[in-house]
Structures are given as structure tokens and as C-alpha cells.
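Comments concern the structure below.
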Amino acid sequence: MIYSDLVARISGRDHLPRVPPLRHGPAQVCLILFRCVGELGETRSAHKSGFQVRLCVNVGSGWPMVLSGSNNRGFEKGLSTAVTDAEAAGQVGDDDKDMAHITNESLRATIRKSKEVLARHKIILEQISEKKKLISVLAESSIHNEQEMHSGQSDSSLSHLNAVSEGQEIDSGRQTYLATHAQQSEFDTTYGESIYDQSEYYESLEDEDTDFSGSIGEANYGNYYQYDSFPRASPSVYQQEVANGMNQDYVAQLHQVSEKDHSVNEGANDNSASGGVDIMNVILVAAECAPWSKTGGLGDVAGALPKALARRGHRVMVVVPKYGDYDELQEIGEPRRYQVSGQDMEVKYYHAYIDGVDFVFIDNPIFHHVESEIYGGNRTDILKRMVLLCKAAVEVQWYVPCGGFCYGDGNLVFIANDWHTALLPVYLKAYYRDNGFMTYARSVLVIHNIAHQGRGPIDDFNYLDLPGHYMDQFKLYDPFGGDHLNIFAAGIKAADRLLTVSHGYAWELKTPDGGWGLHSIISENDWKFQGIVNGVDTTDWNPRHDIYLQSDGYTNYSLETVQAGKAQCKEALQKELGLPVRGDVPVIAFIGRLDHQKGVDLIAEAMPWIAGQDVQLIMLGTGRQDLEDTLRRLESQHYDKVRGWVGFSVRLAHRMTAGADVLLMPSRFEPCGLNQLYAMMYGTVPVVHAVGGLRDTVQHYNPYEEAGVGWTFEKAEANRMIDALGHCLNTYRNYRSSWEGILRRGMMQDLSWDNAAKLYEEVLVAAKYQW
Ligand SMILES: Nc1ncnc2c1ncn2[C@@H]1O[C@H](COP(=O)(O)OP(=O)(O)O[C@H]2O[C@H](CO)[C@@H](O)[C@H](O)[C@H]2O)[C@@H](O)[C@H]1O
């Protein structure tokens, strides 16, 4: 018998860490302590992930050897060392015996106990799954009923979205997909980008007696308060009290009134912790969310990641401002009032339940009519919007009864995104956790783009309504701008966990060039920091059923039909844009915000070379005025082969991704990049600057081994880009079978959010058990 079989039998599972097989079976194995963390059970261990396994192996007559590891590798290493030592000492027998040969009674008892506990785990998980389904059904039927009552219509919120997806022109119709990066935020112009533009910054089984009979399902669902059952003072009063220097009597009073709630929460947490079930309440907060509002990749992530987390069994809410009138929403809960820099603001909540996710919209006039400039306009106006969003979002779990039940704070984790919601971890701490509330709530902050940090003059602190001693968290000295207020900096420090959207960018953020002045703070917080590569929403971005490929001569296609499908889409694209319809000419696409980051100026610099090639170039983007002018100029100068579409068109972005042969991404920095992922899904070959997430996701083509999915170049320089593009075009023209291989390998990857969601879950769980 080999060790891996033995351990698998002990646990009753067959996917334990890959334990190296022994050539000789152990004569005696005495399992003194067997303790698993993570998949097998859980404790409140702060270990990031994976297993913590302790085996005490009695090899021969010597003292037992304790093997332990907080992850697979540690365990494997320890075990193989022990085995090697034992073999070397001649203490391991030759016989490959069966379990029956293991005589140690305590080992058998442990095996039995472990099996029992795992069986109970299984039952508990099934119960949770059932309850989750029930809640989903209740929520859906409540929305359905409400719709029928209020509007007399019977179509669900989902069906409305489907109606949109069945061909309504989102671009012009709802005008919610907007080109807002066109309007530079005064924040970053004054205190952020301009500074860095001038600088060089660019270039459980823990306890066998644990009682599992308390339903873990209840632990997770029983702690949802009925609407508004949290008997606390009005949030604005409370938050204001904290900001003005907390009155201790007031704190005591609040503790008293919320005692009941906290006992519920504590119980819930205890149960879920010991029960080994990490189903959580997750609230993702963002300034934009597709399909309602989108200026770039953040909108895509906010629209897709929550659905993937919900598919993993978590109860998930997205909180986002309500910029426009979205038909599919229903008002929910009672309006509440919040103070933003001395002004009393009423917040209403709107709700839609779609694909297992509660989308909650924060409504106040300050959000209205800014969909075209979410991050644009006056600096203090943007700041007030973000303050209101974060103040309301940090309490949404008590006041918005999604599906009839509020989320509660007993098993809760917030996911904040970029500087816009970086105040949320700070508010969570300053208003609540510092004062003994929301003990079990956690916050994770995701960095999508460090170039925008929410910088402003120190005096802006007055807008934040925080106790004076919090000022230090925000204050940052910068060699170019001097002392300033930096919202991202404070959020990074306050969050329980810090994430970014690729491994490459996680590394870059800790360097002076990549951290944009925040590298030291990020490095200091490295212990809680990691990168997770974004995924693709495969319902929206999928050539098999992309709704934008169902008209105007385009067609859906798959790996099996890619040759004919792409050829048809290419023809339709050339027709739509008035380019010569030629199947043999390589079509190169660029899609993105027009700013320094995306390197569109490098394409302009390479234009003389590109113009000399038999190619077609299509660029879609919006942003900086001078770069928009560049697009227009290139089109007019090379009308026979270049199109520069200035604007924000989701439909055209999809069609270009399907119809082009090559996607060019010369980004100077790219935290993750979604377009190259979309391109590969559609059999379009990426040519990218090897930076951040582009380096992580595009494997350079190796003609000797016929491996790789695209071309990369090492420096964001026009001549480097030309080199890479030249190799790419050469392969396109002269090595067709290699080209097909590259394209197919790209399409065959699993780029869905499901992988990333699993990794997010590990981070959420790590945050939950972090004290
Ligand atoms: N003119 C236009 N018309 C239509 N659609 C357009 C468009 N311009 C851009 N888009 C769309 O907006 C999205 C852009 O996403 P990216 O990830 O490439 O960049 P962005 O820099 O906004 O996001 C930041 O956040 C994301 C998410 O984490 C990171 O991947 C990225 O590296 C980081 O810079 C894509 O869906 C793209 O198709």
C-alpha cells in the first residue's frame, strides 16, 4: 500500500495532496495527529489556503517524526524527507501491505472518526445548497409578484435584460455604456496623473468533539435580519457621532441596543467556523457595473465576478450607483438619510435579482445624469458621490431586504474596487470595527488601476466625515506634489485583504515604476496582497452565442466552425466599415480607452510602417482629445486601409473582436487587460506589450514547439511593436497551419470567471478567519 492511498483512506477522500508513492510500503505507520485545514475542514487558522496536515509517522523503532505543512508542498516535502530518511535507515519494510496490516487501534479509530465527520460535512453542505435554492426561488417569485402588482406585466427582470440582449441597440438606446474616461477627473489631473506624467514613474477537524448538529445552514441564513431589525440609531447620526469624536456613552448605548444582534452574529460565526462551511455573504461595491454602467474593464468585472461567486454558492450582492432609469429595477426597502460634508442626503434603494445575484442600486440626485462622466468633472463633486456610495454601501446589509431578508453582518465580506470605493474599508473600520460593531465583517480591496488614486489637497479630508486621527491614513508625501490626501492609500491600509487583477501587476505595483507613489505602502502590506487574473463573462463574450454577431451578415461560430465563421465576420466587418472586402488581407484591431496607458500613440508612430503593409487597421476608442484627433487623422490619411472610430460602442467592440485577425495591445502598463482575453476566445491573435496581465495571459508563440497563443514585445516602443507585428503577419501569410494552431490554442483555453472566482473565494475565506 502506498502512502497516498493510506492518507486518502484516512480521510475518505481521493484528492488529497499528491503524496509521493513509496516504493516500499511502510511497515508501521502510526498516525498520532491528523489535522486538516481548508478543504477537509477548517479552523480559524490564518493560513492563506490549502492544507495544514500533521502526520506523525513512526518509522521503525525510532521516535515518531512529525510532518507538517501549511500547504501541499510543505506536507509533501516533509513526508518524502521522512520516507527517504527512513529508507536510508533501513526502517521501512519491503511489503506493500493492506490496511488490515496496520494494527494500531488508535489509527483505526481516527479513520472512523474522520469518515463520520466528513459524512456529516456532506450532509450539511447539501442542506445549505437546498436553503440557497429556496431563497433564490423566494427572491425570484417576490420580484415576479411585485412586478405583476406594480406594472401588470409578467416579464421578469431577467427577461428584460434578455430583450436587450436580443438586439436592442444598447449603445445609443440606453446610453449607459459611455465613454467616460474621455472626461479627465480633476482628481487625477491635478494631483495624480499629471504629477506622474511629468515624472519617470511611467517608464477541521480541529476538535473531534465539535458539535456539528447545529445547522450550518442556519448559521449562514439564520443571521439575516428581518428588514430593519438592527435597532441602532440612524446611520447618519451614528456616522456623524464617530466623525465628531465618539462620545463613549453613546457607544455604550449602541452596544446595548445591538447586543442581541451581535450574539446572533457571534453564534453564526462560531458555527460556520467550526462547521467547515465557507458559504459567505459577499457585497461587491463599485462605481460602475455592466450592463447598466460601464466605462471600461471595472464595469465588466463588477457585472461578471459576482455571478461566478454566486455559482459557487455564496449569497452575493452588487452595490452600485443608479445613474439612469433602468427599467428592470424595483424599489426596495425604506429610504435612508446620510450626511455628506454637512449635507443631508436621502438614499433610495433599487433592486434586481439576476443570475443569482442581488444588484442593488443607490439612488440620489447626485448620481443622476453623470453617467457620461462617472469619474469626470469637478473634483469635490466626484468625491461627494464616492463618499455617499461608500457610506450607504457599508450599511446596505442591514437595510436592503433582498428576497425578503437582509444579509446581516455576521458572515459578511465586502469587495471594494479601486479608489472610488476605497473609503469603504476605512468606514467599516472607523465607524464600526473600532467601536466594536461588525466584528465579523471583512473588507477586500481590489486594485484595477493604480494610476487613479483619488488624490486631492489635504483639506479634502473634511469631506470624508472621519475622526481626526484618521488623517494620517490618508496623508501622503510625494516628491512632486508634496503632502496630499490619497484615498487609495488609506483603503489599502484599512482593507483586510488586498488584491489586484494579475500576478504580473501585483509584482509591478511594488516597484517605484509600477506603484505610482504607492509602492511602499503596497510593499508594507504585502502579507495581505496577491494577484488574481480576471476572467471572461462567457455569456456576454462568447462567439457561439454573441448577440452582436446575429445580424448584419455576422455569424456565431465555435472552435469547430471558426474558419468559416471568422471569415464571414471579417467580411461583414469590412462591409460595415466600408473597407475593401478581402479575405486575404490581415485585419488588425485596437480597442480601448485613448490615454497614455493604452499606447495608442505607438500605433500612430508605427503608422508609416503599417501603411506600407498589405493590412487593414481598425481602431475603436474614446478618451483624450489629442488621441481622438489622431484616430481621425490616421483614418483620413489612409482611408483605403485604416478606420478610426471615435466613440464607445459595445456592439462594434464585439464585432471587431470576431472579425479581426489580430488584436494589438501596446499598453504601457496593463493591470490585467480584458480585450486580449476576449480576442483569444474569438480566435483573434493578440500582439501585446509583455507587461502586467498581458504578460501573464499571452504566451509568446514558439515556432519550434508550436506552442503559444500570440506575440509579445518587451518594451513599449514602436519599433519593438513593429518587430512583433512583423513576425505575426509573416506567420499569418506564410505559415497557415501554424496560424491555425495559435488561433485554436487561444480558443481552447478556459478563460471563464469560474477559475478566478475560486481563487477569490480563497481570499474571502482567508479574510474571514483573519483577526
Ligand atoms: N471605445 C470602446 N467601445 C466599446 N468598448 C470599449 C471601448 N473602450 C474600451 N471598451 C471595453 O472596455 C473594457 C476595457 O477593459 P480593459 O480591461 O481592457 O481596460 P480598463 O483599462 O478599462 O480596465 C482596468 O480594469 C480592468 C479590470 O480589472 C483591467 O483588466 C485593466 O487592465 C485595467 O486597466 C473592455 O470590455 C473593452 O471592450
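Whatever order the structure lists them in is the order used to number ligands and atoms, beginning at 1. Everything numeric here is computed off the predicted structure, so don't read it as measured data.
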- Basic-acidic side-chain contact under 4.0 Å: K322, E371: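 No salt bridge links K322 with E371.
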- Taking only Lys NZ, Arg NE, NH1 and NH2, and the carboxylate oxygens of Asp or Glu, determine whether R668 and D601 approach each other closer than 4.0 Å. yes
Quick check on [X] - does any of its heavy atoms sit under 4.0 Å from an atom of ligand 1?
X    : answer
M665 : no
Y678 : yes
K294 : yes
G647 : yes

Nearest heavy atom to [atom]: which of [options] does it belong to?
atom                    : options          : answer
atom 34 (O) of ligand 1 : Q597, M656, H452 : Q597
atom 20 (P) of ligand 1 : R593, R651, E670 : R593
atom 16 (P) of ligand 1 : L674, L298, T657 : L674

Mind checking whether [X] has an N or O less than 3.5 Å away from an N or O of ligand 1?
X    : answer
C672 : yes
F648 : no
K598 : yes

For residues [X] and [Y], determine if any side-chain heavy atom of one lies less than 4.5 Å from a side-chain heavy atom of the other.
X    : Y    : value
H689 : M665 : no
Y760 : L499 : yes
N417 : H448 : yes
M656 : L663 : no

Using a 4.0 Å cutoff against the non-hydrogen atoms of [X], which atoms of ligand 1 qualify?
X    : value
N675 : 18 (O), 35 (C), 37 (C), 38 (O)
V301 : 27 (C), 28 (O)
G673 : 17 (O), 29 (C), 30 (O), 31 (C), 32 (O)
D300 : 13 (C), 35 (C), 36 (O)
P671 : 32 (O), 33 (C), 34 (O)

- Run the ring-ring contact (aromatic ring centres under 6.0 Å, His included) check on W516 and F488 step by step: do they pass? CA-CA 11 Å; W516 290 58; F488 225 154; over 10 Å; no
- Message: Under 4.0 Å, heavy-atom basis, I'd like to know which part of S649 is in contact with ligand 1: side chain, backbone, both or neither.
- Response: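 The part of S649 near ligand 1 is the backbone, not the side chain.
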- Report the part of L652 in contact with ligand 1, treating N, CA, C, O as backbone and CB onward as side chain, heavy atoms under 4.0 Å; options are side chain, backbone, both, neither.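 Neither part.
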- Message: Can a side-chain donor-acceptor contact be found between E761 and H314 if the only test is distance below 3.5 angstrom?
- Response: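 Yes, because at least one side-chain N or O of H314 sits under 3.5 Å from a partner of the opposite role on E761.
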- Any side-chain donor paired with an acceptor under 3.5 Å for E576 and Y554? yes
- Over 60° means perpendicular and under 30° means parallel, so classify the ring planes of Y375 and H420, tilted if in between. parallel
- Task: Mind telling me whether F669 and Y505 have parallel, tilted or perpendicular rings, with 30° and 60° as the class edges?
- Result: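 If you compare the ring of Y505 with that of F669, the planes turn out parallel.
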